[in-house]
Amino acid sequence: EDKVVQSPLSLVVHEGDTVTLNCSYEVTNFRSLLWYKQEKKAPTFLFMLTSSGIEKKSGRLSSILDKKELFSILNITATQTGDSAIYLCAVDTSGTYKYIFGTGTRLKVLA
Amino acid sequence: NAGVTQTPKFQVLKTGQSMTLQCAQDMNHEYMSWYRQDPGMGLRLIHYSVGAGITDQGEVPNGYNVSRSTTEDFPLRLLSAAPSQTSVYFCASTKHSGAPGANVLTFGAGSRLTVL
């Protein structure tokens with residue numbers, strides 16, 4: 001059965017800290033891995049990763065994929081209170097048209 | 001450009017009532033899907049469609065029906081609501097072609113449903 005596992009489930013840090021969120025997966029026919037940020041409403045897209053070892057970066061956020069070890073990490077440096085959210089990882093599997101989501105990591109950044 | 005529009009935003013039902021959650025997108029996306037989000041469970045796929053006239057089941061389809069008569073609309077029907085269907089529902093769509101970046105899901109704002 002295809003599955004995506006995120007860790008930790010929740011995390012509390014102080015402003016300025018650096019955090020690393022983990023996403024591991026076991027799926028057949030991997031096509032891409034996507035990261036989303038969910039604040040109060042709809043998930044918003046952060047990154048899509050398809051190739052191993054190529055870092056995607058946007059401001060203080062970055063992400064990388066390891067297709068050999070079947071995991072991805074999302075790094076946030078110099079955290080701010082506005083980074084408080086649920087971070088979701090999803091895997092897109094080719095051929096089945098199904099996106100499999102992890103349970104998410106709830107991040108809280110304290111001022 | 002409205003993106004993905006869901007209605008209603010909130011709904012309270014009694015057990016056994018029926019209702020339809022509406023989802024419309026104006027991005028000419030072939031792929032549309034419905035998820036439910038429950039605490040600690042992440043997003044679970046209910047039903048999805050890869051084009052007009054084509055639908056298929058996801059991980060948790062029981063108690064829900066869908067149809068796709070147009071590219072733009074993908075309604076989710078609850079025929080006889082149960083308290084276990086209390087959840088937040090998200091509609092999401094994507095082009096889902098082979099082009100780079102074409103499989104990024106765009107989400108609607110969500111519909112919070114409570115079944116008493």
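These numbers come from the heavy atoms of this one structure, side chains and all, not from hydrogens, waters or symmetry mates. We name chains A, B, ... by the order of the sequence lines, and we start the count at 1 in each one.
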To the nearest 0.5 Å, what is the distance between [atom1] ([X]) and [atom2] ([Y])?
| X | Y | atom1 | atom2 | value |
| --- | --- | --- | --- | --- |
| K9(B) | K41(A) | NZ | NZ | 6.0 Å |
| L43(B) | I100(A) | CG | CD1 | 12.5 Å |
| Q37(B) | T103(A) | CD | OG1 | 10.5 Å |

To check you understand the geometry: which heavy-atom pair defines the closest contact between G108(B) and A42(A), and what is its length?
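Scanning both residues completely, I find the closest heavy atoms to be O-CB, 2.9 Å.
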Using every non-hydrogen atom in the two residues, find where L34(A) and V104(B) come nearest and quote the distance to one decimal.
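That closest heavy-atom pairing would be CD2-CA, 3.8 Å.
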If you count every heavy atom of other residues, nucleotides or ligands that lies below 6.0 Å from [X] atom [atom1], does the total exceed 12?
| X | atom1 | result |
| --- | --- | --- |
| R106(A) | CZ | no |
| R77(B) | CZ | yes |
| E26(A) | CD | no |

Same cluster or not: are [X] and [Y] linked, directly or through other Ile, Leu, Val, Met, Phe, Trp or Tyr residues, by side-chain heavy atoms under 4.5 angstrom apart?
| X | Y | answer |
| --- | --- | --- |
| M48(A) | F101(A) | yes |
| V91(A) | F71(A) | no |
| L76(B) | V60(B) | yes |
| I73(A) | L46(A) | no |
| L113(B) | V88(B) | no |

As a quick check of understanding, evaluate side chain to side chain contact (heavy atoms under 4.5 Å, CB included) for K98(A) and E59(B), giving each step before the final call.
CA-CA 9 Å; K98(A) 292 181 180 178; E59(B) 180 186 357; over 6 Å; no
Heavy-atom distances under 4.5 Å only: say whether E30(B) touches chain A with side chain, backbone, both or neither.
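Neither part; nothing is under 4.5 Å.
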Suppose we call two aromatic rings close when their centres sit under 6.0 Å apart. Are F107(B) and F45(A) close by that rule?
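F107(B) vs F45(A): aromatic centres not under 6.0 Å.
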Using ring centroids (six-membered ring only for Trp), state whether Y31(B) and Y99(A) fall under 6.0 Å.
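That pair passes the under 6.0 Å test.
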Using side-chain heavy atoms (C-beta onward) and a distance below 4.5 Å, is Q38(A) in contact with F90(B)?
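Yes, close enough: below the 4.5 Å cut-off.
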Would you say the side-chain atoms of Y36(A) pair up with the backbone N or O of L105(B), donor to acceptor, closer than 3.5 Å?
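Such a contact is found between Y36(A) side chain and L105(B) backbone.
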